[in-house]
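Worksheet: the structure to be examined is printed underneath.
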Amino acid sequence: MDDAVDPHPIVHGPVLGDAEFEFIRHVIGENAGIVLGPNKRQLVQGRLGRRLRELGLSSYAAYCDHVRESGPEELVRLINALTTNVTAFFRENHHFEALASYMLPEAMQRNAASRRIRLWSAGCSTGEEPYCLAMTAIEAIGSSARWDLKILATDIDSNVVASAQGGIYPVERLEAVPQGRLSRFFHKGRNEQTGRAMLKREVRDRVTFRTLNLLHNWPMRGPFDVIFCRNVMIYFDQPTRERLVRRFAELLVPGGYLCIGHSESIHHGTAPLRLVGKTIYRRNTGDSHD
Ligand SMILES: C[S@@+](CC[C@H](N)C(=O)[O-])C[C@H]1O[C@@H](n2cnc3c(N)ncnc32)[C@H](O)[C@@H]1O
């Protein structure tokens, strides 16, 4: 038998039993909209093991009691531990190309009087996506003060939001950033920051980070010219996705765009949105050719 495949792997630390797994699935579904399938037990156990050790708890039953008793504070930690934050600079780059080639030029034409451009990265994780929106927009419209360009970046996970705010990344994470953008938009770290790079103030100043649960009320009124909500809805159930898409559409300016992740789609008729490119939807303007 291949000894690399152990049918009975040794599990270190407390084991997540059925009832506790069900409780955690329920809590995370109700509070974050995240659907954890039955196959995610090992993942949950792996991600929460550290928290149990920090709390000095020897069982998941004790941890579930702690979640019940301590309320919102532990709930935030539980959600932070169970979100999947995979992201990258210029991930699904066709969206940034579309932003530069027609989304921003159209917004500039539409907003010629107000000179305001508003973009939203919903589910921004550690900040790569909103900073790419900022870099692309600065290139497209110029960095002059003539345009009031603001990017809102939100995520449910307060840890990733805090890290994103710093705008500092290990250089290995910048492999997809072309040399021209690296030298224009990043400071190379020195001394104790060697091996890291920091976004220049010009980019950081355009992005406002906030912790926001997409299932809750949204404090902003919009309208946004472009919303990126990529690789977030994949974790939600269908009714939650459809509700969210309708809310995004309401906050988009007519003619504005919603970009979603490569494995996501929006059912025709869910909202006044039309598919105009690969995972790119445009809000109807009310014109007859919509
Ligand atoms: C896989 S990352 C996607 C990051 C980025 N949009 C991208 O495509 O590279 C998904 C993000 O969605 C966030 N998220 C999950 N549920 C959320 C919710 N209910 N409200 C807001 N953000 C949520 C997670 O914390 C995570 O950072």
Side-chain angles (χ1 to χ4, degrees), residues 24-37 40 43-44 47-48 51 72 75-99 119-136 151-167 169 173-177 207-220 224 226-248 251 257-266 278-281:
I24 288 166
R25 287 175 69 190
H26 176 74
V27 169
I28 205 84
E30 284 291 299
N31 292 283
I34 298 171
V35 179
L36 290 170
K40 294 287 195 270
L43 176 133
V44 171
R47 289 189 179 177
L48 290 180
R51 184 68 190 135
L75 183 60
V76 167
R77 287 175 180 271
L78 177 64
I79 292 172
N80 287 358
L82 293 181
T83 53
T84 297
N85 307 118
V86 177
T87 188
F89 281 99
F90 295 104
R91 181 183 196 186
E92 298 177 48
N93 191 40
H94 68 280
H95 287 146
F96 298 99
E97 289 169 352
L99 184 71
L119 314 176
W120 179 17
S121 164
C124 63
S125 188
T126 38
E128 288 85 338
E129 181 178 280
Y131 286 132
C132 290
L133 288 171
M135 288 186 266
T136 308
I151 295 126
L152 173 67
T154 63
D155 201 285
I156 194 174
D157 182 336
S158 53
N159 291 338
V160 291
V161 170
S163 142
Q165 253 155 350
Y169 297 89
R173 299 265 291 272
L174 304 176
E175 273 158 14
V177 184
V207 187
T208 303
F209 288 97
R210 293 276 180 271
T211 303
L212 178 73
N213 184 343
L214 289 171
L215 267 53
H216 290 174
N217 287 333
W218 300 345
M220 59 280 184
F224 290 95
V226 180
I227 299 175
F228 274 40
C229 184
R230 307 184 310 162
N231 310 301
V232 179
M233 290 189 280
I234 190 176
Y235 301 106
F236 301 160
D237 63 18
Q238 193 58 28
T240 307
R241 286 180 200 155
E242 289 182 6
R243 254 193 322 274
L244 204 50
V245 165
R246 281 195 289 272
R247 294 175 74 196
F248 285 138
L251 240 57
Y257 293 91
L258 172 64
C259 295
I260 63 174
H262 63 283
S263 60
E264 299 164 329
S265 61
I266 294 174
K278 190 174 154 200
T279 53
I280 300 176
Y281 293 81

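One-based numbering, in listed order, for ligands and for the atoms of each. Note that these values count all heavy atoms, side chains included, but never hydrogens, waters or copies made by symmetry. Numbers for residues simply follow the sequence, beginning at 1.
- Distances below 4.0 Å separate heavy atoms of Thr83 from the following atoms of ligand 1: 24 (C), 25 (O).
- Taking every heavy atom of Leu212 and a limit of under 4.0 angstrom, the matching atoms of ligand 1 come to 20 (N), 21 (C).
- Using a 4.0 Å heavy-atom cutoff, Phe228 is absent from the residues neighbouring ligand 1.
- For atom 9 (O) of ligand 1, the closest heavy atom belonging to the protein is Thr87 OG1, 2.5 Å.
- When the heavy atoms of Ser121, Gly123, Ala122, Cys124 are ranked by distance to atom 4 (C) of ligand 1, first place goes to Gly123.
- With contacts defined as side-chain heavy-atom distances shorter than 4.5 Å, the pair Leu82/Ile34 does not qualify.
- Remark: minimum distance from atom 7 (C) of ligand 1 to any protein heavy atom is reached at Arg91 NH1, 3.2 Å.
- Atoms of ligand 1 lying under 4.0 Å from any heavy atom of Arg230, numbered from 1 in the order shown and given with element: 3 (C), 5 (C), 6 (N), 7 (C), 8 (O).
- In the vicinity of Asn231, heavy-atom distances shorter than 4.0 Å reach the ligand 1 atoms 1 (C), 2 (S), 3 (C), 7 (C), 8 (O), 10 (C).
- Side-chain contact between His95 and Ile280 is present, with heavy atoms from C-beta onward closer than 4.5 Å.
- Considering only non-hydrogen atoms, atom 18 (C) of ligand 1 lies nearest to Ile156 out of Thr84, Leu82, Ile156.
- Less than 4.0 angstrom separates some heavy atom of Glu129 from each of these atoms of ligand 1: 5 (C), 6 (N), 7 (C), 8 (O).
- Nearest to atom 19 (N) of ligand 1 by heavy atom, out of Ser158, Ala32, Gly127, Ala164, is Ala32.
- Looking at heavy atoms from C-beta onward, Ile79 lies out of side-chain contact with Asp157 at the 4.5 angstrom threshold.
- Salt bridge annotation for Glu128-Arg91: absent, with no cationic side-chain nitrogen under 4.0 angstrom from a carboxylate oxygen.
- For the side-chain contact (heavy atoms from CB on, under 4.5 Å) with Ile156, the qualifying choice from Val76, Asn213, Leu212 is Asn213, the only one to do so.
- The two residues Arg247 and His216 come nearest to each other via the heavy atoms NH2-O, 2.8 Å.
- Not less than 6.0 angstrom separates the ring centroid of Tyr281 from the ring centroid of Phe248.
- If you look at Phe96 and Phe228, their ring centroids are closer than 6.0 Å.
- Protein heavy atom closest to atom 11 (C) of ligand 1, with residue, atom name and distance, is Asp155 OD2, 3.6 Å.
- Counting heavy atoms from C-beta on, the side chains of Leu214 and Cys229 come closer than 4.5 Å.
- Residues His262 and Asn231 meet the side-chain proximity criterion, which asks for heavy atoms closer than 4.5 Å.
- In terms of polar-atom proximity, Leu214 is counted as a contact of ligand 1, with an N or O under 3.5 Å from an N or O of the ligand.
- Close approach of ligand 1 to Val86 is summarised as follows: ligand atoms under 4.0 Å from at least one heavy atom of the residue are 1 (C), 2 (S), 3 (C), 4 (C), 9 (O).
- Under a 4.0 Å criterion applied to the non-hydrogen atoms of Asp157, ligand 1 contributes the atoms 25 (O).
- In the vicinity of Ile34, heavy-atom distances shorter than 4.0 Å reach the ligand 1 atoms 15 (C), 16 (N).
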